[in-house]
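Model, not experiment: these values are computed from the prediction. So you know, we letter chains A, B, ... as the sequences are listed, proteins then strands, and number each from 1. What's counted below: heavy atoms across the whole structure, side chains too, no hydrogens, waters or symmetry copies.
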Amino acid sequence: MSAPKSTPITPEVVKAHGLTEDEYRRVLEIMGREPNITELGIFSVMWSEHCSYKSSRKWLRRLPTTAPWVICGPGENAGVIDIGDGLAAVFKMESHNHPSFIEPYQGAATGVGGILRDVFTMGARPIANLDALRFGAPDHPRTRPLVSGVVAGIGGYGNCVGVPTVAGSCDFDASYNGNILVNAMTVGLARADRIFYAKASGVGNPVVYVGSKTGRDGIHGATMASAEFDDTAEAKRPTVQVGDPFTEKLLIEACLELMAEDAIIAIQDMGAAGLTSSSFEMAGKGGVGVEIDLDMVPVRETGMTPYEIMLSESQERMLMVLKPGREDAARAIFEKWELDFAVIGKLTDTGRMVLKMGGEIAADLPIDPLSEAAPVYDRPTSSTPLPTTLAAADVPAPAGIMGALETLVGSPDLCSKRWIWEQYDHMVMADTVERPGGDAAIVRIHDTNRGLAMTTDCNPRYCGAHPRTGGAQAVAECWRNLTAVGARPLAITDNMNFGNPERPEIMGQFADCIEGIREACLALDFPVVSGNVSLYNETSGKGILPTPAIGGVGLIDDLARRASVPFKAAGEDIVLIGTTAGHLGCSAFLREIHGRRDGAPPPVDLAAERANGDFVRAEIAAGKVTACHDVSDGGLLVALAEMAMASGIGAEVTAPEGPIPLHAFAFGEDQGRYVLAARDGRALVERAGKAGIPAVFLGKCGGTELTLAGAGAISVARLRAAHEGWLPAYMGDDMGHGAA
Amino acid sequence: MRARVHVTLKQGVLDPQGKAIGNALKSLGFSGIGEVRQGKFIELEVAESDPARARQKLGEMCEKLLANTVIEDYRIDLDH
Amino acid sequence: MRARVHVTLKQGVLDPQGKAIGNALKSLGFSGIGEVRQGKFIELEVAESDPARARQKLGEMCEKLLANTVIEDYRIDLDH
Amino acid sequence: MKSAVIVFPGSNCDRDMQVALARITGVAPVMVWHRDVDFPKVDLIAVPGGFSYGDYLRSGAMAANSPVMAEVKKRAAAGVAVLGVCNGFQILTEAGLLPGVLMRNASLRFICRDVYLRVENARAPFSARYKDGQTIRIPIAHADGNFFTDGETLRRIEGEGQVAFRYCDADGAVTAAANPNGSLNNIAGIRNRAGNVLGMMPHPERLIEPLLTGSDGRPMFEGLAEALA
Ligand SMILES: Nc1ncnc2c1ncn2[C@@H]1O[C@H](COP(=O)(O)OP(=O)(O)O)[C@@H](O)[C@H]1O
Ligand SMILES: [Mg+2]
């Protein structure tokens with residue numbers, strides 16, 4: 001064979017491709033000869049952490065992935081669940097952390113583009129986007145421009161394609177100073193009997209390329225996404241891709257139009273590692289070979305080599321296998337949408353990937369052996385021990401409880417993120433029933449009276465202190481947020497963001513978080529249907545807090561039966577569901593008021609979580625609840641303040657008699673709790689009692705102040721000013737990407 | 001001193017705007033249009049009479065704000 | 001022939017982008033910055049070897065698409 | 001009333017407009033792809049929101065030059081009602097059907113939120129179902145909504161009662177604080193002189209039922225159906 005002879009394969013070249021000596025030995029075995037540079041590049045991306053999950057695979061297998069309503073779990077482009085009436089929800093979350101740190105606008109924008117493609121690849125129309133963002137300390141000089149660029153980028157892409165961005169999360173912590181997290185999630189809607197998969201079949205069938213042309217974008221992005229940063233990363237600034245949301249919008253419409261016809265056998269987006277991983281995945285899943293003529297690939301630049309074409313990460317491209325004879329009909333659709341369309345190859349029975357260019361063979365590799373021999377590591381782990389539980393009495397009371405409340409609601413993590421979501425079109429498609437700001441967003445299933453609830457959650461403080469508890473808590477909180485709006489939680493996607501897995505303590509965090517997620521998923525019947533792993537979020541040996549972001553989806557059968565955060569009318573009763581112990585370890589109170597972050601995170605009692613949630617959901621469905629909010633960061637008083645701020649209606653509450661110090665009652669972060677407003681709170685407490693659910697009558701809403709007996713009062717207006725004020729003031733006159 | 005800064009996408013970086021403009025020109029019936037690239041153009045007044053110092057200051061502005069040097073190049077022109 | 005088109009806001013038209021850049025430069029600590037204006041800069045290849053005809057064609061492109069003459073002026077430069 | 005919704009590459013509120021028209025007027029609109037210049041005769045042409053051609057170069061500029069817009073201009077001149085919302089408004093100004101331009105928001109940021117509008121010069125066909133001076137709540141979602149025009153044109157627009165909606169506060173006061181994007185005179189929507197073409201940045205089609213938290217957009221479509229029946 002005649003391969004480009006240009007680049008000799010030296011040990012340095014092998015190393016620059018991120019392959020260890022041992023991995024390279026395996027390459028030689030599989031090839032039976034020295035690979036050429038194109039082949040080496042292909043091995044390198046296919047065996048990168050990003051594509052092969054070599055460090056995480058062993059642990060991911062632990063995740064529960066089945067339930068009667070799961071149509072397709074992990075392993076495809078996105079997870080698929082049955083939501084009744086012949087419909088399916090398709091969703092996944094994915095990270096774009098490293099690219100967003102290097103170029104926040106384009107990094108975040110292309111992250112959204114990528115996850116959208118994962119969802120519409122499966123035949124679903126995207127109906128909502130969400131995000132999960134983590135930035136460095138607010139006083140770190142890079143934080144402000146990163147927030148600005150990332151938010152503008154997520155909005156810039158989602159707004160243009162016309163998919164509402166309806167929910168998300170955003171926290172700050174110094175551990176993200178050098179490694180921000182930008183996780184994006186898309187939820188789509190499809191007919192349950194019209195899901196498209198990546199499995200290629202039919203020897204001789206045409207392989208078709210559609211979308212944008214291929215340029216030299218992001219070559220080696222997939223390996224970059226798996227490499228730890230060092231201090232020179234900023235200087236290197238490699239390979240950032242630019243997104244084109246306009247083309248993505250056309251691609252969505254064209255693909256969905258073609259999908260309505262009976263023409264596609266298999267389809268796969270070209271994400272990280274572009275044409276390489278998409279063609280490998282399609283052929284590998286179908287057990288067939290593939291032959292591609294690289295001269296047929298639409299290119300943007302002249303003189304592109306096979307290496308560049310195969311490894312390019314140009315955005316807005318898809319690969320399909322069509323039924324024979326359907327090429328012309330398909331071409332007409334893509335030309336109508338002014339997109340490139342090219343038959344670039346065909347399926348073969350050789351089990352090999354053969355690439356040709358200029359009449360010569362540019363690469364020839366076996367498909368299965370390459371995938372099967374992909375390295376899997378069982379890396380050593382070391383668990384983070386459970387810290388000692390802080391007794392409430394060991395945490396001093398604040399100078400004033402209402403003053404502490406004002407500080408908390410105006411702190412970076414708990415303040416209103418309106419400044420962010422107002423830059424996202426969260427209403428386009430005219431089905432957003434519950435806009436950003438609630439426990440979960442609700443998007444109506446178009447043309448029906450049913451809705452999907454969705455949220456992203458994770459508390460990295462808890463995960464850092466005790467990964468297993470933190471992992472379980474993230475899932476439980478996601479489940480609780482869906483429950484709080486009246487939805488039946490159905491399934492999750494997870495985005496595992498961690499440091500360097502070669503360090504046992506990091507691998508231990510990973511393994512323990514997975515274990516916690518597993519326990520919670522099992523206890524709550526809340527399986528994992530898709531996910532993504534981002535490792536090496538580490539700069540100069542300092543890792544991020546372990547951050548397993550959880551994205552959850554739930555179903556509301558009747559949109560008239562749901563709940564929301566704001567109080568609805570003065571005079572209604574306020575009831576607390578769940579057990580309060582006053583747990584202050586790892587709490588927002590401890591961090592914001594005392595500058596401490598010690599202690600164990602609050603324990604997660606999954607049985608209580610489930611029982612309390614099931615009770616609350618039933619009460620909402622029965623129309624007995626006028627407002628509902630789960631208790632999370634900041635504790636009960638923050639939850640009450642949020643209900644008051646959202647409505648402009650105050651409240652007057654009294655702590656039940658007992659040994660818990662008032663500040664621990666106010667700010668403890670005990671899990672499994674909800675605040676409900678009801679016209680008849682006493683009756684609600686009684687029903688809870690009969691059902692064996694802990695419930696206490698707290699007081700009534702009304703007036704313009706929030707009052708806690710023994711702690712005084714604060715005006716709702718003042719709370720609001722603090723709550724709404726922090727982020728806009730922090731961002732100041734920042735001009736973001738607007739001038740660009 | 002009056003300065004003009006041109007900020008353009010680096011060679012090889014996708015320019016969706018330029019591409020769309022090219023297509024639009026074609027569909028308006030203009031023929032023979034090759035590649036189209038769009039950039040930014042910033043005019044500003046700097047209180048600095050020494051060209052070398054002005055140029056240095058403008059370079060800093062470009063690096064810090066006016067250009068995104070990950071994907072963009074810049075060029076500084078001074079009026080005399 | 002290679003052409004460059006500069007599209008700038010007409011005198012008297014508010015330039016929110018230019019203003020924001022000016023403010024941002026100031027808050028970055030740059031002093032002595034006067035008025036800042038931002039414009040667009042479009043580079044394109046036209047298959048036309050006669051400068052006069054190229055200029056005329058580009059003028060049409062500007063009038064029809066590249067500039068909004070309600071608020072913008074344009075200038076055409078040709079490479080030789 | 002028969003209506004048409006023009007769809008450009010990158011339009012993304014076309015379905016929302018379609019749903020609103022179908023639901024409120026009782027007749028589903030014809031969806032017209034930007035290349036279909038000879039679409040059926042209709043009473044109302046709606047140019048929907050979105051990012052036609054990615055908003056590249058200038059919002060609305062490329063769509064304004066598309067073949068279908070020549071036809072829209074012809075029909076507008078013949079008196080057919082034309083409604084442009086958001087990107088549709090930008091397209092109508094770029095096409096010369098309405099005066100002025102929509103520049104980048106003063107904050108330079110995309111803004112999506114409900115705003116209050118004061119209805120000005122309420123009249124058929126677009127706003128007869130509102131009362132003059134009424135305050136309504138409608139969402140905006142745009143980066144380029146900053147209405148600008150030269151002083152003389154502005155005086156003419158104001159003088160001839162072409163302003164249809166102004167940004168105001170919840171009590172109807174037209175204040176600088178209630179201006180979300182820097183528009184001259186808080187202008188959110190204008191008509192042409194003849195009154196048959198209306199452009200507005202806010203999205204009436206997004207608030208047509210209580211489930212979506214409000215119905216203040218409904219009277220516009222009810223009024224159209226009545227006026228153009
Ligand atoms: N943390 C995880 N939990 C569950 N499934 C995961 C996880 N990470 C990855 N997966 C699954 O592995 C498959 C490959 O993921 P990925 O490479 O990110 O997808 P894609 O190639 O579509 O970008 C997907 O089906 C994904 O859902
Ligand atoms: Mg994928």
Taking C:D15 for its side chain and C:Q38 for its backbone only, find out whether a donor-acceptor pair lies under 3.5 Å.
yes

Check whether C:E43 gets within reach of chain B through its side chain, its backbone, both or neither, counting any heavy atom under 4.5 Å.
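The answer is both parts of C:E43.
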
Contact winner vs chain C - [options], heavy-atom pairs under 4.5 Å:
| options | value |
| --- | --- |
| B:M61, B:E60, B:Q17, B:K57 | B:M61 |
| B:A24, B:G22, B:G32 | B:G32 |
| B:G18, B:G39, B:A47, B:S31 | B:G39 |
| B:V46, B:I42, B:T8 | B:I42 |

Would you call B:R55-B:D50 a salt bridge at under 4.0 Å N-O?
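So B:R55 does not pair with B:D50 through a salt bridge.
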
Ion pair B:R53/B:E48, N-O distance below 4.0 Å
yes

On the 0 to 90° scale, with breaks at 30° and 60°, tag the B:F41-C:H6 ring pair as parallel, tilted or perpendicular.
perpendicular

Assert top hit (heavy-atom pairs under 4.5 Å, partner chain B, pool C:V36, C:V5, C:V7, C:L66) equals C:V36

Are the side chains of B:L44 and C:L25 in contact, using a 4.5 Å heavy-atom criterion?
yes

